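Working notes for the structure below.
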Amino acid sequence: MPSIPAKGSPVIPTAVGRSGGIRSTGDLTTRKRSPGSNSTAEDGPITSTPPPKRKSPRLCINGNPSGPANGIEKESGDKLAKPSELLVKKLPDNFVAKPKWNPRDMEHLSAAKEALHVSSVPSMVVCREDERRRIFEFCKQCIEQEKAGSLYVCGCPGTGKSLSMERVNQSLLDWAKEAGIQTPDVLAINCTSLTDTSEIFSKILHESQPRRKSNSSPSPLQCLQGLYSRKQQQINMKMTLVIADELDYLITKDKAVLHDLFMITTLPFSKCILIGIANAIDLADRFLPRLQSLNCLPTVVTFRAYSKEQIFMIIQQRLMALPYIVFQPQALELCARKVAAASGDMRKALFICRSAIEMLEAELRESMSSLDWSSAEIGYSTEQGTAAHELTKQEIDIVRVDHMAVALSKTYRSQVVETIQSLPQHQQIILCSAVKLFRKGKKDTTLGELGRSYLDLCKSTLIPPVGTLELSSMCRVLGDQGLLKLGQSREDKLRRVTLNVDEADIAFALQGIRVFRNCLK
Amino acid sequence: MGAANPAAEALIFLRRRICSPKFVFSPFSDSPHSNFSKLKFIISSSVTEACNNSVVLLGPRGCGKMAVVDLVLEDLLKEYPDMISVIKLDGLLHSDDNCALKEIARQLCAEHELLFSKMASFDDNSQFMIAMLKECGLAHKTVIFVLDEFDLFAQGKQRLLYSLLDAMQSVASQAVVVGMSCRLDADQLLEKRVRSRFSHRKLLFLPPSKEDLHRLLKHVLLLPTDSSIPSDYVAEFNEKLVNILAEERFNQIIDTLSNCDSTFNHLLRFSAVSHIYLETGFLSFQNFKAALSSIQRQPKLESLKDCSVLELYILVCMRRLEVKEQDSYNFNSVMKEYKSIHDSFQTSDYYAWNICLRAFEHLLERQLFSFVDHRGHSQPIEFRPAKLLISYHELYQGLKSYRSCPAILQKLIDREG
């Protein structure tokens, strides 16, 4: 039984059911789970990080995709923890103002950061109910009819595919147990961990026939094919559910492995339900042409990139677990808008929110140090000191829009302009001369030409140029930094050079220096 | 005892200082905005809060990324002695995934005093790593991965990066990934899956500004008063040094130095060279000037200084042929040009054909020009096409600084402007 730290921080249950409402902590354990529901509300408490000596019983959902067994154990373990110290009743937001968040308190701060960490999985996965339902229905159908099938889940990174698959997995096993059907064997593989792509077959074979000796003939693939082509001797053989994450790692030059994997599900007596997860939307069409002719292309479930409202909702839901307000709503909106416009990647949104909290922390530290200094200097008594503290406390205890804006700009802005501005003078001249050269039309040139352009520029600006050795080593340094792209050649002068950054960036960065401004006009 | 001893002691003391990055970077690590404190904050908060994090340090070579990481790790190992374990990888050495995992397994074994088997396969190593991460997570130990030359890990399928960053997505492990790269767009090189798992924290390391350079020089070269060196020597040394540093021409030297390369490394090399000889026992302006010229060597100009007048003539002829857009010229065409110069200007330096050939061969040995293709050994030397290896500007400078250059050569060169 995980123990709850009794000091300080309030402990809040995370069960936010579909209907909000006042809910006391006592009856959380008895929430009935109806078959077919796909929201497994975890009833364990969420705890903030305790003092570093003790391992915190973190948010109780296991983030481990391999195997449901761990998940079940952990879940039941957490359900039992209901000490009487849990004090706060959960009220809906609009009735009561939440207590103030104190960013100076380490526990509050770490609680906030932990709620927003990517690895802390919330109790309820919102905004993906539709997709989860479709996958669940598909699997349910396959299991009920004892028929094989394949499904392909696709979407950009950070759209909740693996997360939703874990949930579906969980709810599938629960449903099977309640409905009295034999639970399928689940094999969750991440295809990046396979050294050889055909290992996946031996893993699937091992799952369904663990006692088989692993000898090389016949190959695992042939064994599987043989197994699924003949009518089974044993009745009621278990279904095997295979979840293959990062499916595109299986794509080899001859595309055989991927193809064979999906073909297994088309065999007449196959008991394998295959769910593949990848990023490419058209993977099935491009790499499985023969399946189309057999008319058993996998069903495709697309996880679209998150929209602004979805991102906002997800972050809100994570923060609702905390008893205090951490962000100004406008700040969250700004974050959601920017991230949705860029990629719709939920991980990025969470990173940016954490980064904004860190901005606030940094601001606090600065103001604390300056406040201490000023109060020490003027020699206030402690009372006045705390009064001044109170004043600043009111201003800086919530993450504002400007913190979020700084965090966003740090993430999305590239450092090119700053780097160019801090380059030594001659390297800036090289970049400038490259821009002038490429303005004339050609987009790539040789190092010799660049050297000539550099000398011309030096002559016109009356700066003494450096020698050829120095010039080529400076070009190499610029190439290492990624500002220029240098080709290979036997002779130094003949190496091809192109600009790797935008001309406009260089012009913008150098506009402060009169010499370059005149050149680049 | 005498003036030699304190000078020698001071020399040893200064050299020891320059070679220790801790001393060099300590003045820059005090402000809260410096990269040192930001990195320390990121790693220490990950350790105390037991969460995962990743950060990448970007900046040109020689700006102190590795030094700052070493300093931060040293401090953290003192603060949290048992809670951190460090794994260091280098993109140049461990670019292959197999190799990198093997190295990770080996370092983990060494750290935790387990036996490492060289026969372990890739699978074994990766399972070992995941198991160790879980164990360390349970034991509250944070594993810090320091990846040098991060952009080289981003070649190929990026399996190592993916497995590291993916392991950090789970609650079970506690790891921090610190990547260092000189490419600005190192995070753009990551595949989209890996980039999504990466936390986009970037710390930019820039070469120091001019004021910082001065501060650094003062910090490094001023002797402290509480060392074993006699204090009157120290006082005199420091006074002389401060006077030099305040001079305008010293500023010019620093400007010239930092115009090409203003990284910390470069400056440290400069200060190391500047006090190789302490003849008078104190640093003088001449020391710095000599250091500058020895750092900014021009080997071709030095070879030009040793050329004879005839060799200079040959070089000038070659240059003129190049200007006339003759892509390839050989010794015969050079001789023709030489003759035409003699005819038009009536110079007194007209030598016979075989002497000129000798001079030609000397120039070839000194690599002031070379042949265009290296296969034509069967051809006699006078027919093989050649090209110059020094630029117009270097030739011009060489002629200007030549001790007794005939005026005609300068005029010939000047014409091309």
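Sequence lines set the chain letters: A, B, ... in the order given, protein chains first and strands last, and positions in each chain run from 1. Small disclaimer: the values here were computed from a predicted structure and weren't measured.
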Inset, instruction - Can you measure from CZ (B:F205) to OG (A:S422) and round to the nearest 0.5 angstrom? - result: 13.0 Å

Inset, instruction - Measure B:S126 against the heavy atoms of chain A and call it side chain, backbone, both or neither at under 4.5 Å. - result: neither

Legend entry - Atom pair CG/CG of A:L423 and B:L206 - distance to nearest 0.5 Å: 9.0 Å

Inset, instruction - Any chance you could measure B:S45, atom OG, to A:K113, atom NZ, to the nearest 0.5 Å? - result: 4.5 Å

Inset, instruction - Look only at the side chain of A:H117 and the backbone of B:C51, and say whether a donor-acceptor pair between them is shorter than 3.5 Å. - result: no

Inset, instruction - Verify side-chain contact (heavy atoms from CB on, under 4.5 Å) between B:R193 and A:E246, making sure each step is shown before the conclusion. - result: CA-CA 9 Å; B:R193 278 180 284 234; A:E246 313 293 355; 2.6 Å; yes

Legend entry - Minimal non-hydrogen separation, A:P157 against B:S196, with atom names: CB-CB, 3.5 Å

Legend entry - Under 4.5 Å from any heavy atom of chain B - which part of A:D345: side chain

Legend entry - Contact origin within B:D166 toward chain A - heavy atom pairs under 4.5 Å: side chain

Legend entry - Gap between atom CG of A:L469 and atom CD1 of B:I390 - 0.5 Å precision: 11.5 Å

Legend entry - A:Q481 portion near chain B, given a 4.5 angstrom heavy-atom threshold: both

Inset, instruction - Specify the closest pair of heavy atoms between A:T411 and B:K202, including all atoms of both residues, with the distance to one decimal. - result: O-NZ, 4.2 Å

Legend entry - Salt bridge flag under 4.0 Å for residues A:E358 and B:R201: yes

Legend entry - Considering all heavy atoms, the nearest A:F351-B:F198 contact: CE1-O, 3.1 Å

Inset, instruction - Please look at B:N52 and chain A and tell me whether the side chain, the backbone, both or neither of the residue comes under 4.5 angstrom of a heavy atom of that chain. - result: both

Legend entry - A:L494, CG: over 12 other non-hydrogen atoms inside 6.0 angstrom: yes

Legend entry - Shortest non-hydrogen separation from A:P424 to B:S258 and the atoms involved: CB-O, 3.2 Å

Inset, instruction - Take atom NZ of B:K305 as the centre, draw a 6.0 Å sphere, and report whether it contains more than 12 heavy atoms from other residues, nucleotides or ligands. - result: no

Inset, instruction - Give a yes or no on this: more than 12 heavy atoms of other residues, nucleotides or ligands lie within 6.0 Å of atom NZ of A:K203. - result: yes

Legend entry - Interchain contact, B:E149 with chain A, by part (heavy-atom threshold 4.5 Å): neither

Legend entry - Interface moiety of A:Y412 toward chain B, non-hydrogen atoms closer than 4.5 Å: neither

Inset, instruction - Return the option, out of B:R197, B:M168, B:K157, with the maximum number of heavy-atom pairs under 4.5 Å with chain A. - result: B:R197

Legend entry - Side-chain donor/acceptor of B:R159 to backbone N/O of A:T192, under 3.5 Å: yes

Legend entry - Contacting region of A:S343 [heavy-atom separation from chain B under 4.5 Å]: neither

Legend entry - Per-residue contact mode, A:R452 against chain B (heavy atom under 4.5 angstrom): neither

Legend entry - Residues, nucleotides or ligands: over 12 heavy atoms within 6.0 Å of A:K338 NZ: no

Inset, instruction - Can you measure from CG (B:L389) to OG1 (A:T468) and round to the nearest 0.5 angstrom? - result: 9.0 Å

Inset, instruction - Heavy atoms only, distances under 4.5 angstrom: which of A:L471, A:V118, A:D248, A:V466 has the most pairs with chain B? Name it, please. - result: A:D248

Inset, instruction - Would you mind telling me which of A:N500, A:L455, A:N190 has the largest number of heavy-atom pairs within less than 4.5 Å of chain B? - result: A:N190

Legend entry - Pair A:D480-B:R61, salt bridge (charged side-chain N to carboxylate O under 4.0 Å, His left out): steps then yes or no: CA-CA 9 Å; A:D480 275 345; B:R61 292 189 203 278; 3.3 Å; yes

Legend entry - Closest contact, heavy atoms only, B:L184 versus A:V416: CD1-CA, 4.1 Å

Inset, instruction - Under 4.5 Å heavy-atom distance to chain A, tell me which part of B:K210 shows up: side chain, backbone, both or neither. - result: neither

Inset, instruction - Check step by step if side-chain contact (heavy atoms from CB on, under 4.5 Å) holds for B:L204 and A:T419. - result: CA-CA 8 Å; B:L204 192 61; A:T419 316; 4.0 Å; yes

Legend entry - Spacing of CG belonging to B:D123 relative to CD belonging to A:E199, to within rounding of 0.5 Å: 5.0 Å

Inset, instruction - With a 4.5 Å cut-off on heavy-atom pairs, point out which of A:Q428, A:K410, A:E361 contacts chain B the most. - result: A:E361

Inset, instruction - Please state whether the side chain, the backbone, both or neither of A:L109 comes within less than 4.5 Å of a heavy atom of chain B. - result: neither

Legend entry - Any residue meeting ring-ring contact (aromatic ring centres under 6.0 Å, His included) with A:F303, in chain and number order, not counting sequence neighbours: none

